[in-house]
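Within every chain, numbering begins at 1; the chains are lettered A, B, ... in the order of the sequence lines, protein sequences first and strands thereafter.
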Amino acid sequence: MQRIKRRQDFVAAAKALSQAQTSLVLQFRDRKDDAGARIGFTCTKKLGNAVTRNRIKRRLKEAARLALPQMVRGGADYVVIGRSVAENRPFELLQSDLISAMQRLHAKAATAPEKSVP
RNA sequence: CCAGUCGGCUGGAUGGCCGCUCUUGCUAGGCUCGAAAGGGUGCAAGGGAGGAAAGUCCGGGCUCCACGGGAAUAGGGUGCCGGGUAACGCCCGGCGGGGGUGACCCCAGGGAAAGUGCCACAGAAAAUAAACUGCCGCAGCGUGCUGCGGUGAGGGUGAAACGGUGCGGUAAGAGCGCACCGCAGGCUUGGCAACAAGACUGGCAUGGCAAACCCCACCCGGAGCAAGACCGAAUAGGGGUGGCACGAAUCCGCAAGGGUUCAGGACUGUUUUCGGUUCGCCGCCCGGGUUGGUUGCGCGAAGCCAUUGGCAACAAUGGUUCCAGAUGAAUGGCCAUCCAUGGUGGGUUAGACCCCACCGGGACAAAACCCGGCUUACAGGCCGACUGGUAUU
RNA sequence: UGGGGCGUCGCCAAGCGGUAAGGCACCGGAUUUUGAUUCCGGCAUUCGGAGGUUCGAUCCCUCCCGCCCCAG
């Protein structure tokens, strides 16, 4: 799965669907093309210093690597925004947060597909 | 043993499973992303955050720009002396001042006699020393006032009052004279110097503030790796060149040239004789350059060990080692045991810092071109030197 | 990476070497049957923090902390 690296992709994903969980916020945007799914990780400066922010992003990356590959859809951009509890939340709960957020987002996209068009 | 001062070191360990990034090797191609440049994908081995990587406060390297050399103006910085260094506002040693019983610690510490300015309140007066009050003498008379002269000693204040204390001296007094202290001047001695010591001379001049303006001495060209270099598509546009084309009317202009309409070409919407966009057409070559990519990018004022010189900072010589290179940003995720440590309960015990069980639980903080410093943050642990006190011998 | 600014009472703020203005809010009192209005009085012992210069710092200097803005 490719990583999102450009700022404008992050901004575009922020304008599309989002789903908040205890440890993270997941954003989902359908790019309407045939390329593979992409995922990006970010968090705000309010969460702490560089060590804390990096640790949150690494735990989320590892959870996504283990939990998500069989769930993602082609042509989709996912952005995971870390929250402060993600630093110490048990790893199994971190994975289940990701899975349920993605399930609910996919359900939202099915009921209201027009909203995801930018 | 208690209290304290200074300096240095360290910054959890081992293992398992699954990952990230770089380098090298392997058969060297395949597959794949991309317009290209270039990138991704396999296996194995090895490397992979810090003492502050931080704050970005100084100093350099490196790169580009500017510049004939140099100097000056403006602006900014530094400020006892000597040394170290590539350089510094850093470090070392010394001097002076201040603090502490002491080990030791702190100090932007040049110039106030170049000039300007400020010194609230209080106080007679806050800086050309005079006025006021006072003290003393003489004269006058209305007998406590006036005039003249002497004096700069006293005057509640204040952060600070024009040398201080004492003795002599005098009408009263005053460095007026003397002793001691302070101060100034040149001299001698010691020291590279800052400065110190000594005797001599001078009766004393120069209040404080320059982290107020300022003066003096010295230093500084500007920007920053998003510097800079290279590769480089479609489309549009620029230059050159070859072939084809370069029609008609009209307007501006001396001309070169330009505008408008029709015709014509290219692309395109559309059922269409209708419309839209564009303007010489086609080929080749050159240069610039956007998205993007590569590079810059780690052998260095490097680390470690030894010897020598130096009180030291540090330097020289010899040997030895190769030690991170990410870019929405790698160096991790999960788990187990141990270790340091905290809590609770129980046990041993004179008492435990000893033993057992359970629970909790790892300081600060992550390279972003690279080095030398400074500053700030930091759980816990270790080592060395020294000081004061108490007790014992 | 480079540059600039701010921090003063609960809120908005003035002051910029010499006892820290003012407004809103709050508290107490007066007026009123009660409330509003009005009037009177009260309300800053770290002027973001720590050092330093000065007789004396909100103000000057140094270092930190927090917040905001600009350029690429």
Pairing partner of rU344(B) (Watson-Crick or G-U wobble, both distances under 3.5 Å): rA357(B)

Apply side chain to side chain donor-acceptor pair (under 3.5 Å) to N49(A) and list each qualifying residue two or more places apart in sequence or on a separate chain. T52(A)

For nucleotides rU170(B) and rC162(B), find the distance between their C1' atoms and express it as a whole number of Å. 24 Å

Tell me the partner of rU241(B), counting only Watson-Crick (N1-N3 plus N6-O4 or O6-N4) or G-U wobble (N1-O2 and O6-N3) with both under 3.5 Å; none if nothing fits. rG283(B)

Which of rC18(B), rA366(B), rC334(B) is nearest the side chain of N49(A)? It is rA366(B)

Taking only the C1' atom of each, what is the distance from rA379(B) to rG11(B) in whole angstrom? 10 Å

Distance check, C1' atoms only: rG325(B) and rC107(B), in whole angstrom units. 45 Å

Distances under 3.5 Å between protein N/O atoms and the N/O atoms of nucleotides 328-330 of chain B, please, pair by pair.
residue, atom, partner, partner atom, Å
rG328(B), O2', I4(A), O, 2.7
rG328(B), N7, K5(A), O, 3.0
rG328(B), N2, T42(A), OG1, 2.4
rA329(B), OP1, R3(A), NH1, 3.0
rA329(B), OP2, K61(A), NZ, 2.7

Kindly label the base of rC33(B) as syn or anti, based on whether its glycosidic torsion lies within 90° of 0. anti

5'-most by nearest nucleotide on RNA chain B - E92(A) or A50(A): E92(A)

Evaluation steps, side-chain contact (heavy atoms from CB on, under 4.5 Å), between L26(A) and L105(A): CA-CA 8 Å; L26(A) 184 67; L105(A) 269 183; 3.6 Å; yes

Separation between the P atoms of rC55(C) and rA160(B), rounded to whole Å: 11 Å

Considering only side-chain heavy atoms of F91(A), which listed nucleotide, rC334(B), rA365(B), rC18(B), is closest? rC334(B)

Fit a plane to each ring of F28(A) and Y78(A), take the angle between them on a 0 to 90° scale, and name the class: parallel (under 30°), tilted (30 to 60°) or perpendicular (over 60°). tilted

Separation between CZ (R104(A)) and CE (M102(A)), nearest 0.5 Å, reads 14.0 Å

Rounded to the nearest angstrom, tell me the gap between atom CZ in R59(A) and atom P in rG19(B). 19 Å

Can you tell me whether the base of rG51(B) sits syn or anti, using the 90° cut around 0 to define syn? syn

Mind checking the P distance from rC65(B) to rA86(B)? Whole angstroms is fine. 30 Å

Find the distance E87(A):CD to rG362(B):P and express it as a whole number of Å. 10 Å

Output for pair (F41(A) CZ, K57(A) NZ), nearest 0.5 Å, gives 10.5 Å

The salt bridge (charged side-chain N to carboxylate O under 4.0 Å, His left out) partners of R65(A) (sequence neighbours excluded) come to E62(A)

Provide the Watson-Crick or G-U wobble partner of rC267(B), both distances under 3.5 Å; none if there is no partner. rG276(B)

Applying the 3.5 Å cut-off to both distances, the Watson-Crick or G-U partner of rC192(B) turns out to be none

Is any side-chain nitrogen or oxygen of R55(A) closer than 4.0 Å to OP1 or OP2 of rG333(B)? yes

Scan nucleotides 52-56 of chain B against the protein and return all N/O pairs shorter than 3.5 Å with their distances rounded to 0.1 Å.
none

Which residue pairs satisfy the side-chain hydrogen bond (donor to acceptor under 3.5 Å, both in side chains) criterion with at least one member in residues 85-98 of chain A, sequence neighbours excluded? S23(A)-D97(A), R89(A)-D97(A)

Atom CZ of R89(A) and atom C1' of rC334(B) are separated, to the nearest Å, by 17 Å

Nearest whole angstrom, please: distance from the C1' of rC20(B) to the CG of L60(A). 16 Å

Distance, C1' atom - from rG362(B) to rA368(B), rounded to whole angstrom: 29 Å

Taking only the C1' atom of each, what is the distance from rC314(B) to rU85(B) in whole angstrom? 8 Å

Counterpart base for rG34(B), defined by Watson-Crick or G-U wobble contacts under 3.5 Å: none

So R29(A) and L17(A), do their side chains get closer than 4.5 Å, heavy atoms only? no

Find the partner of rU143(B): check Watson-Crick (N1-N3 plus N6-O4 or O6-N4) and G-U wobble (N1-O2, O6-N3) distances, both under 3.5 Å, and reply none if neither fits. none

Would rG298(B) be called syn or anti here, given the cut-off of 90° from 0? syn

Partners meeting side chain to side chain contact (heavy atoms under 4.5 Å, CB included) with T44(A) (sequence neighbours left out): K46(A), L47(A)

Pull up the glycosidic torsion of rA49(B) and say syn or anti, syn being anything within 90° of 0. syn

I'd like to check V79(A) versus T42(A) (side-chain heavy atoms, cut-off strictly below 4.5 Å). Are they in contact? yes

Sort out the partner of rG48(B) for me: Watson-Crick or G-U wobble, both distances under 3.5 Å, none otherwise. rC20(B)

Would you say rC20(B) has OP1 or OP2 under 4.0 Å from some side-chain N or O of R65(A)? no

Go nucleotide by nucleotide along RNA chain B from the 5' end; which of T52(A) and L66(A) gets its closest nucleotide reached first? L66(A)

Rounded to the nearest 0.5 angstrom, the CZ-CG distance for R55(A) and L60(A) is 11.0 Å

Pick the P atom in rG109(B) and in rU165(B), then give their distance to the nearest Å. 32 Å

Any donor and acceptor pair, going by atom type alone, linking the side chain of R83(A) with main-chain N or O of Q21(A) inside 3.5 Å? yes

Write down the partner of rC304(B) under the Watson-Crick or G-U wobble criteria, each distance required to be under 3.5 Å. rG319(B)

